[in-house]
Amino acid sequence: MAQTKFDRQVEETAEAVMFGIGRFLGGRDMDGIKRTDATFLRPATRVLPKVEGRVSRSSYRAGWQRLCFRFTGLGTAAAGGWGLWEHQETARAWWENPDTVPLAALQTGGIGAASAAAAGGLAYGLLTRERRELMREWVIPLHQALTQPLAIPEQTDPRRYLHVPKNFSDDDAQIRVDLPVHLRFSRDLVADLITQKLALEGVTFSWNGAGRTPYVLVKKTRKPPAKAAFKDPKVRELVAKAPESAPVIGIGTSGKTVSVDLDADSPHILVNASTGGGKSVTLRCITCQMLHTGSQAYILDYKRISHLWARGIPGVTYCADLADIHDALIELGMEGRRRVRVADELGLDAVDAIGPRLLILLEEVNATMKQLARYWERIRESGDPKVSPAIDALNEVLYMGRQVRMHVLLVAQSATARALGGPEVREQFATRILARYSMNAWRMLAPEVQPAPKSTKHHGRAQVVIGGTAHETQVLFFTDTEAREWATTGPPPTAKTKTRSAVTAPPQPAPVQLQKAADGPPTADVDDAPPTPPAVPETAAQPALPTAQTPAPIPAAVVDDQAVGLREAHQHHLPDITIAALRYARANDRTFPKPVDKRGAELLYRVGDLKRWARNRPRAAVGTTDLG
């Protein structure tokens, strides 16, 4: 009897159902297409050849795992159906008798379950954030680079054969890459791709091709030391042998010395790091070495207390007040132009005529540049340029180059083009030191180095980018005492003037000396004596002015050049500072001005020097940026 069409359909349906039950119980894909090399007992490692389209994560699981998930899903569906039926029965009972409690209990349970699900989802998102970033920035790009050399389908899940830990850039991290069994690939090409895509430096590869699971292990061996303290005799000897123009920044891989030659590599240095990234340690390391070799330093510290170790050191001009930072930058611009003229007239070989090497340390440029602009808006008069002349002077120094021996050491938490005055200004820093940086910061400051090395939280560890090459470096650590001792044990710095500028302060008029008292000997403590006004002789041609007439105001420059005692300074010029505080500072503060004259036993000080000391003296940083 011939088989009817209905019988054939019934037979095909029964066969499909039997095959479906077999695939379900065997943990295979329900459509019957084998996409991975997974078996019932072993999970998959890669996609089979000629498989097209996206491969789900369940296809990588072993058959018994998929079977467990399927039974769990059936059980959950059955429990959900039973719960729904129970809910309907409970709702019908409540509708008939509203005084029953089950519905309120059901509502409370539902709210609790929804809250638990929301909290669990939020916790999962937070806990897997770093893993997702690792996959997006590092693992997936490495997978895309290795698919062709290893002959792996691109649909393969990279997590199945690329085992990259979250801290893969740390010294003790280990990376494992599972290899195809055929081993028909170039080891050198694969090793080069892994090194480039993960931005690794100084690593070794251990190849294991035996058995069914060949793999390669990648380990960091030639790493910078965990610490590089100046108290170590070897480090101290290394610093002592460094050339005058090339201070040591730190120790790199394989014990290699990392330094920057200010006369050859880069005249200026940019330090970019977030809070806790070691900016102060890096600046202290470079500055004390340059002071040791006879350089002079301008420390423009808007935070006021960033480098207390450098206060009072010969050759250091410490400016913490905005007015002094503004004036110092203008004077440095004038000094730069003077050096350019000298180099043009005498030639670049006339180093002695150009002047000593100058280091300009500009702290927290993001806040300082903004405050300098605001300060100029407050003091600018009609006809003055809109842009602060201090900012223009800084840019002028940056463009002068290495020939004038003026070097800017600029510090920023985010060295954006807007903060520095434009992208062309940022390009003047050929040496850039980055620590605890973000990917955006690396792309902004070192785009020529790709891929970007992963940032590490190891204390004192930084990436020093010189000439388009990144060097992982452990920065030398000087304590405040060691830095001060090293800075003051070198050759004596060039003689400084008594003004803010250490090199080119304009000549000041002679101080206006006060008339000494004609009667009576000087007392033991003349600071307590009242100030003696200057004698003004009367002549017939110049009669005394009437008492009702207001005397002409004394110019501020003349007042600042007067020489006064501490008590007179307190009474007329520094009313906010007590006489006791002035005497204590004279005895204990290294930055207190030197006396310019004596009146009997009393020491006299220039008013301008005392005012400048009062503005820049160390004190707690204020929490406001208001200049008023």
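- The shortest non-hydrogen separation linking Leu329 to Ala393 is O-CB, 3.2 Å.
- With Ile360 as the partner, the side chain to side chain contact (heavy atoms under 4.5 Å, CB included) test is satisfied by one option alone out of Met406, His407, Gln296: Met406.
- With rounding to the nearest 0.5 angstrom, the CZ atom of Arg436 is 10.0 Å from the NZ atom of Lys279.
- Rounded to the nearest 0.5 Å, atoms CZ (Arg132) and CG (Leu134) are 12.0 Å apart.
- Using a distance-only test at 3.5 Å, with no hydrogens or angles considered, no donor-acceptor pair links the side chain of Ser274 to the main chain of Gly277.
- Under a 3.5 Å cut-off, the side chain of His458 and the backbone N or O of Ala226 do form a donor-acceptor pair.
- Glu137 and Arg131 are not joined by a salt bridge, as no carboxylate oxygen comes within less than 4.0 angstrom of a charged side-chain nitrogen.
- The backbone N or O of Glu364 sits nowhere less than 3.5 Å from a side-chain atom of Gln413 that would complete a donor-acceptor pair.
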Inset, instruction - Any chance you could lay out the salt bridge (charged side-chain N to carboxylate O under 4.0 Å, His left out) test for Lys227 and Asp232, step after step, and finish with the verdict? - result: CA-CA 10 Å; Lys227 294 182 179 180; Asp232 186 347; over 6 Å; no

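- The minimum heavy-atom distance between Val404 and Gly336, with the atom names listed, is CG1-O, 4.4 Å.
- In His163, the NE2 atom is crowded: over 12 heavy atoms of neighbouring residues, nucleotides or ligands sit closer than 6.0 Å.
- The pair Lys231-Glu482 fails the salt-bridge criterion, with no side-chain N (NZ, NE, NH1 or NH2) lying under 4.0 Å from an Asp/Glu carboxylate O.
- Residues Asp157 and His143 bring no donor and acceptor atom of their side chains to less than 3.5 Å of each other.
- You'll find the side chain of Asn208 stays beyond 4.5 Å of the side chain of Leu217, heavy atoms only.
- Atom CD1 of Ile251 and atom CD of Gln474 lie 9.0 Å apart (nearest 0.5 Å).
- When all heavy atoms of Pro158 and Ile140 are compared, the closest pair comes out as CG-CG1, 4.4 Å.
- His268 places a side-chain N or O within donor-acceptor distance of the main-chain N or O of Leu398, the cut-off being under 3.5 Å.
- Within the 3.5 Å criterion, the main-chain N or O of Ile152 finds no donor-acceptor partner in the side chain of Thr156.
- At a cut-off of 3.5 Å, with distance as the only test, a side-chain donor of Asn616 or Asp324 sits close to an acceptor on the other residue.
- Contact of the Val449 side chain with the Trp442 side chain is registered, since non-hydrogen atoms from C-beta on lie closer than 4.5 Å.
- No option in Trp309, Phe478, Phe230 other than Phe230 meets the ring pair (Phe, Tyr, Trp, His ring centres under 6.0 Å) test with Trp486.
- Counting only heavy atoms from C-beta outward, the side chains of Tyr437 and Pro453 approach each other to under 4.5 Å.
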Inset, instruction - Verify side chain to side chain contact (heavy atoms under 4.5 Å, CB included) between Val475 and Phe477, making sure each step is shown before the conclusion. - result: CA-CA 6 Å; Val475 178; Phe477 177 75; over 6 Å; no

Inset, instruction - In sequence, state the C-alpha distance, the side-chain angles, and the governing distance for Val365 and Leu362, and then conclude on side chain to side chain contact (heavy atoms under 4.5 Å, CB included). - result: CA-CA 6 Å; Val365 67; Leu362 184 58; 4.1 Å; yes

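- Considering SG of Cys288 and CG of Leu283, their distance stands at 11.0 Å, rounded to 0.5 Å.
- Counting only N and O atoms by type, the side chains of Thr591 and Asp589 include a donor and acceptor under 3.5 Å apart.
- For Trp207 and Tyr215, the ring centers are positioned 6.0 Å apart or more.
- One N or O on the side chain of Thr488 and one on the backbone of Glu485 form a donor-acceptor pair closer than 3.5 Å.
- A donor-acceptor contact shorter than 3.5 Å is absent between the side chain of Asp327 and the backbone of Glu331.
- The environment of CD in Gln174 is crowded: more than 12 heavy-atom neighbours from other residues, nucleotides or ligands sit within 6.0 Å.
- Look at Arg612 and Asp321 and you find no salt bridge, because none of the NZ, NE, NH1 or NH2 atoms lies under 4.0 Å from a carboxylate O.
- Side-chain polar atoms of His307 and Glu363 form a donor-acceptor pair below 3.5 angstrom.
- A donor-acceptor contact shorter than 3.5 Å links the side chain of Ser295 to the backbone of Met290.
- Looking only at side-chain heavy atoms (C-beta outward), Ile433 and Leu270 stay at 4.5 Å or farther from each other.
- To the nearest 0.5 angstrom, Cys319 atom SG is 10.5 Å from Arg304 atom CZ.
- Residues Glu244 and Arg357 are paired through a salt bridge, judged by an N-O separation under 4.0 Å between the basic side chain and the carboxylate.
- In this structure, CG in Leu359 is found 6.0 Å from CG in Leu361, a value given to the nearest 0.5 Å.
- By the 4.5 Å heavy-atom criterion applied to side chains, Arg405 and Leu358 are not counted as neighbours.
- Judged by distance alone, with hydrogens and angles left aside, the side-chain atoms of Thr473 form a donor-acceptor pair with the main-chain N or O of His471 at under 3.5 Å.
- Ile194 and Leu200 get closest at one heavy-atom pair: O-CD1, 4.3 Å.
- Taking a cutoff of 4.0 Å between a charged side-chain nitrogen and a carboxylate oxygen, Arg187 and Asp192 do not qualify as a salt bridge.
- Note on ring orientation: taking the six-membered ring where Trp is involved, the planes of His182 and Phe185 are perpendicular (angle over 60°, cut-offs 30° and 60°).
- In this structure, the side chains of Arg339 and Met400 stay at 4.5 Å or more apart for every pair of heavy atoms.
- Arg184 contributes no side-chain N or O that, together with a main-chain N or O of Ala151, makes up a donor-acceptor pair within less than 3.5 Å.
- Looking at every heavy atom in both residues, Tyr302 comes nearest to Thr368 through CB-OG1, 3.4 Å.
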Inset, instruction - May I have the step-by-step check of side chain to side chain contact (heavy atoms under 4.5 Å, CB included) for Arg615 and Leu322, ending in yes or no? - result: CA-CA 9 Å; Arg615 289 194 302 265; Leu322 274 176; over 6 Å; no

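- A heavy-atom distance below 4.5 Å is not found between the side chains of Ile466 and Ser266.
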Inset, instruction - Determine, step by step, whether Arg176 and Asp178 satisfy the side chain to side chain contact (heavy atoms under 4.5 Å, CB included) criterion, reporting the C-alpha distance in whole Å, the side-chain angles of both residues, the deciding distance to 0.1 Å, and the verdict. - result: CA-CA 7 Å; Arg176 172 174 171 151; Asp178 295 332; 2.9 Å; yes

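- Looking at every heavy atom in both residues, Ser245 comes nearest to Asp263 through CB-OD2, 3.3 Å.
- Residues Ile269 and Arg432 have side chains not in contact (no heavy-atom distance under 4.5 Å, counting atoms from C-beta outward).
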